[in-house]
Amino acid sequence: MQKQLIIFLFTIISIQVLAQPPAGPRGERPPMPNAERFTERMTKELNLNAATSKKVHDAFLNNMKKMDAVFASKLEEKDKRAALDANKKAFEKTMKSILSPAQYAQFLKLEAERPGPPPPPNGERPPRPR
């Protein structure tokens, strides 16, 4: 009886371990949920109307597609960084054309309060820009 109980418990634990979803590749993210979350946050924080909210959503999706293309490219890190900086400036310019001056100032303030990127998984610090 005791042997059957141990085998039964082992089987249950094994099934639970195998039932876990497989871990996907890190860093890949679907752009839609991020765009929805960003649009909801901007709509709430900047009091956007429906038309402006739609423009912000489209601008963010376009920005994400450009960023993903840069990350997928075979460019060197220095060139990727330059492309990402140019993309950020283009996104800010687009946001400036969409938002009112007061909303854009609030947007810049919100962006400045955002935390930076997380540290690398190996625990090493990235080199400081000079």
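FYI, the numbering just counts along the sequence from 1. Keep in mind the model is a prediction, meaning the values are calculated, not measured.
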Apply side-chain contact (heavy atoms from CB on, under 4.5 Å) to M42 and L110, showing your working. CA-CA 9 Å; M42 291 298 117; L110 290 172; 4.0 Å; yes
I98 and Y104: side-chain contact (heavy atoms from CB on, under 4.5 Å), yes or no, with the steps? CA-CA 9 Å; I98 294 171; Y104 183 69; over 6 Å; no
Check the pair E36, H57 against side-chain contact (heavy atoms from CB on, under 4.5 Å), reporting the backbone distance first and the verdict last. CA-CA 7 Å; E36 298 296 331; H57 182 267; 3.1 Å; yes
Tell me, with the steps shown, if V70 and K66 meet side-chain contact (heavy atoms from CB on, under 4.5 Å). CA-CA 6 Å; V70 170; K66 288 179 182 177; 5.7 Å; no
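A side-chain hydrogen bond (donor to acceptor under 3.5 Å, both in side chains) check over residues 75-84, counting only residues at least two apart or in different chains, returns nothing.
In the model, S53 has a side-chain atom that pairs as donor or acceptor with a side-chain atom of T43 under 3.5 Å.
We find the NZ-CE distance between K88 and M67 to be 10.0 Å, quoted to the nearest 0.5 Å. The CD atom of E45 lies 8.5 Å from the CD atom of E113; values are rounded to the nearest 0.5 Å. Expressed to the nearest 0.5 Å, how far CG of N63 lies from CG of L84 amounts to 9.5 Å.
Looking at heavy atoms from C-beta onward, D58 lies out of side-chain contact with N62 at the 4.5 angstrom threshold.
Linking ILVMFWY side-chain heavy atoms closer than 4.5 Å, directly or via other members, places L108 and V56 in a single hydrophobic cluster.
The backbone N or O of A90 lies less than 3.5 Å from a partner atom in the side chain of T94, making a donor-acceptor pair.
The minimum heavy-atom distance linking I7 with T11 is given by the pair O-OG1, 2.7 Å. When all heavy atoms are compared, the tightest approach of L48 to Q103 is CD2-NE2, 3.5 Å.
Applying the 6.0 Å contact sphere to CD of Q4 captures no more than 12 heavy atoms from other residues, nucleotides or ligands.
Aromatic ring pairs are classed by plane angle as parallel below 30°, tilted from 30° to 60° and perpendicular above 60°; the pair F60 and F38 is parallel.
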